S.K.: 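Please find one structure pasted underneath; my questions will follow.
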Amino acid sequence: MAITKLEHLTQYMIEHIKGAVLDNKIDAWQENASIEVNGEDRGNGGYIIADWRYRAVISIEAFPHGQMDARNILALVACWLSDYDSDRKDHDLADPEMAIDVIDWQTADLAIELEMLEQVEMVPDENGLISYRGKQYHVQPVDIWTATEAEITNASND
């Protein structure tokens, strides 16, 4: 099963802060989710059936701001967005926001909020859970076939 962008971003952050924050002090969830019906035919029998838009929240408790500059978190989020969610402008997604609540001279609680959009894709499957246009499907990214070779000919009418 494919993971969501929010799950991937959270895993990315955990891997990069390398134990500076305990895993059980990082939490992530979605708020205000909506679906926008799409129905785009992706070829190979698959569809983008919906765009799933939500507000993602990542909470980091007891971030050691006395030992690690909180701008590292900002940089991690910016790098992840650049590498893994580069079409944000195409979907009019707002820039991330971060709130810092300083607990003491060593620790702070951080909350990062950002809009996310994920396409819900489905492929044909005789045993699939979803009925659409007289066929059965299951949720899975659609394989996109890209040509690796092409032949161009110029036929003249002699």
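Numbering of residues begins at 1 and proceeds along the displayed sequence. It should be emphasised that the depicted structure is a prediction, and the values quoted were computed from it without experimental measurement.
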S.K.: Would V120 and I48 satisfy side chain to side chain contact (heavy atoms under 4.5 Å, CB included), going step by step from the backbone distance to the final call?
M.R.: CA-CA 6 Å; V120 179; I48 298 174; over 6 Å; no
S.K.: Are W29 and I73 connected in a single hydrophobic cluster, I mean Ile/Leu/Val/Met/Phe/Trp/Tyr linked by side-chain heavy atoms less than 4.5 Å apart?
M.R.: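 No, because I73 and W29 fall into different hydrophobic clusters, even though each may have its own neighbours under 4.5 Å.
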S.K.: Nearest 0.5 Å, what's the SG-CG distance between C79 and L9?
M.R.: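 Atom-to-atom, C79:SG and L9:CG are 11.5 Å apart.
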S.K.: When you look at D143 and V123, which way does the side chain to side chain contact (heavy atoms under 4.5 Å, CB included) test go after all the steps?
M.R.: CA-CA 9 Å; D143 287 335; V123 296; over 6 Å; no
S.K.: Within this structure, what is the CE-NZ distance for the pair M122 and K135, rounded to the nearest 0.5 Å?
M.R.: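 Those atoms lie 11.0 Å apart.
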S.K.: Please report the closest heavy-atom contact between D104 and Q106, naming both atoms and the distance.
M.R.: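 Heavy-atom minimum between the residues: OD1-N, 2.8 Å.
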S.K.: May I ask whether V57 and M98 are part of the same hydrophobic cluster, defined by side-chain heavy atoms of I, L, V, M, F, W, Y residues being less than 4.5 angstrom apart, directly or through others?
M.R.: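 No, because V57 and M98 fall into different hydrophobic clusters, even though each may have its own neighbours under 4.5 Å.
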S.K.: Grab the two heavy atoms, one from S82 and one from S86, that are nearest each other, plus how far apart they are.
M.R.: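 Minimum heavy-atom separation between S82 and S86: O-CB, 3.6 Å.
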S.K.: Could you tell me whether a side-chain N or O of K5 sits under 3.5 Å from a main-chain N or O of M116, the two making a donor and an acceptor?
M.R.: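 Checking the backbone N and O of M116 against the side chain of K5, no donor-acceptor pair under 3.5 Å is found.
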S.K.: D109 side chain to A62 main-chain N or O, any donor-acceptor pair under 3.5 Å?
M.R.: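 It does hold such a pair.
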S.K.: Please report the interatomic distance CD(Q136) to CD1(I130), rounded to the nearest 0.5 Å.
M.R.: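 So the CD of Q136 and the CD1 of I130 are separated by 9.0 Å.
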S.K.: Report yes or no: does T10 contribute a side-chain atom to a donor-acceptor pair with the main-chain N or O of L6 at less than 3.5 Å?
M.R.: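 Answer holds: yes.
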S.K.: Looking at E97, Q30, E31, which hits side-chain hydrogen bond (donor to acceptor under 3.5 Å, both in side chains) with R55?
M.R.: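 So, applying the side-chain hydrogen bond (donor to acceptor under 3.5 Å, both in side chains) to R55 and each of E97, Q30, E31, only E97 qualifies.
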S.K.: Could you report the tightest heavy-atom contact between G39 and Y47, atom names first, then the distance?
M.R.: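 Closest approach of G39 to Y47: O-CD2, 3.6 Å.
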S.K.: Determine, using the 4.5 Å side-chain heavy-atom cutoff (strictly less than), whether I26 and I103 are members of one ILVMFWY cluster.
M.R.: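 Cluster IDs for I26 and I103 differ.
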S.K.: For E15, what residues pass the side chain to side chain donor-acceptor pair (under 3.5 Å) criterion, not counting sequence neighbours?
M.R.: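 Testing E15 for side chain to side chain donor-acceptor pair (under 3.5 Å), a comparison that skips the adjacent residues, returns none.
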S.K.: Would L81 end up clustered with Y12 when hydrophobic side chains under 4.5 Å apart are linked, directly or stepwise?
M.R.: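 Linked within one cluster.
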S.K.: Got a donor-acceptor contact below 3.5 angstrom from the R53 side chain to the H91 backbone?
M.R.: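 Checked: pair present.
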S.K.: Is D41 reaching over with its side chain to a backbone N or O of G43, donor-acceptor style, under 3.5 angstrom?
M.R.: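 Pair found, side chain donor or acceptor close to backbone of G43.
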S.K.: When you compare the side chain of V102 with that of T107, does any pair of heavy atoms fall below 4.5 Å?
M.R.: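 The answer is no, as the side chains (C-beta and beyond) never meet within the 4.5 Å cut-off.
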S.K.: From D101 CG over to E61 CD, what is the distance, rounded to the nearest 0.5 angstrom?
M.R.: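 Output value for this atom pair is 11.0 Å.
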S.K.: More than 12 non-hydrogen atoms from neighbouring residues, nucleotides or ligands closer than 6.0 Å to CD on E126, yes or no?
M.R.: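 No.
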S.K.: Might you point out which heavy atoms bring I60 and M13 nearest each other, and give the distance in Å?
M.R.: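 In this case the closest contact between I60 and M13 is CD1-CE, 3.9 Å.
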S.K.: Closest heavy-atom contact between A20 and P64?
M.R.: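 Of all heavy-atom pairs spanning A20 and P64, the closest is O-CG, 3.6 Å.
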S.K.: Distance-only, no hydrogens or angles: does the D51 side chain make a donor-acceptor pair with backbone N or O of Q119 under 3.5 Å?
M.R.: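 No, because the side chain of D51 does not come within donor-acceptor range (under 3.5 Å) of the backbone of Q119.
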S.K.: Tell me, with the steps shown, if Y54 and E115 meet side chain to side chain donor-acceptor pair (under 3.5 Å).
M.R.: CA-CA 6 Å; Y54 58 92; E115 282 186 290; over 6 Å; no
S.K.: Looking at I35, I'd like to know if its CD1 atom is crowded, meaning that more than 12 non-hydrogen atoms belonging to other residues, nucleotides or ligands lie closer than 6.0 Å.
M.R.: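 No, because the 6.0 Å sphere around CD1 of I35 holds 12 heavy atoms or fewer from other groups.
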S.K.: Measure the shortest side-chain to side-chain distance between I49 and N38 over non-hydrogen atoms and say whether it is less than 4.5 angstrom.
M.R.: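 I49 does not reach N38 side chain to side chain.
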S.K.: Rounded to the nearest 0.5 Å, what separates atom CZ in R88 from atom OH in Y84?
M.R.: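 R88 atom CZ to Y84 atom OH measures 15.5 Å (nearest 0.5 Å).
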S.K.: Roughly how far apart are K25 NZ and I14 CD1, rounded to 0.5 Å?
M.R.: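 Separation between the atoms: 13.5 Å.
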S.K.: Less than 4.5 Å apart, any side-chain heavy atom of W80 and any of H8?
M.R.: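 Of all side-chain heavy-atom pairs linking H8 with W80, at least one is under 4.5 Å.
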S.K.: Work out which heavy atom in G45 is nearest to a heavy atom in Y137; give both atom names and the distance.
M.R.: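 Nearest heavy atoms, G45 then Y137: O-CE2, 3.3 Å.
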S.K.: Identify whether I112 and L93 are in the same connected component of the hydrophobic contact network (ILVMFWY, side-chain heavy atoms under 4.5 Å).
M.R.: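 No, no single cluster joins them.
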S.K.: Any sub-3.5 Å donor-acceptor pair from E121's side-chain atoms to V142's backbone N or O?
M.R.: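 Yes, E121 side chain to V142 backbone: donor-acceptor pair under 3.5 Å.
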S.K.: Can you check whether D90's main-chain N or O pairs, donor with acceptor, with D87's side chain at less than 3.5 Å?
M.R.: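 A pair under 3.5 Å: no.
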S.K.: Applying side chain to side chain donor-acceptor pair (under 3.5 Å), name anything that partners W52, two or more places apart in sequence or on another chain.
M.R.: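 Partners of W52 by the side chain to side chain donor-acceptor pair (under 3.5 Å) criterion come out as none, since no residue qualifies.
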S.K.: Name the residue from V21, I58, I100 that meets the side chain to side chain contact (heavy atoms under 4.5 Å, CB included) definition with L110.
M.R.: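 Testing each of V21, I58, I100 against L110, the sole residue satisfying side chain to side chain contact (heavy atoms under 4.5 Å, CB included) is I100.
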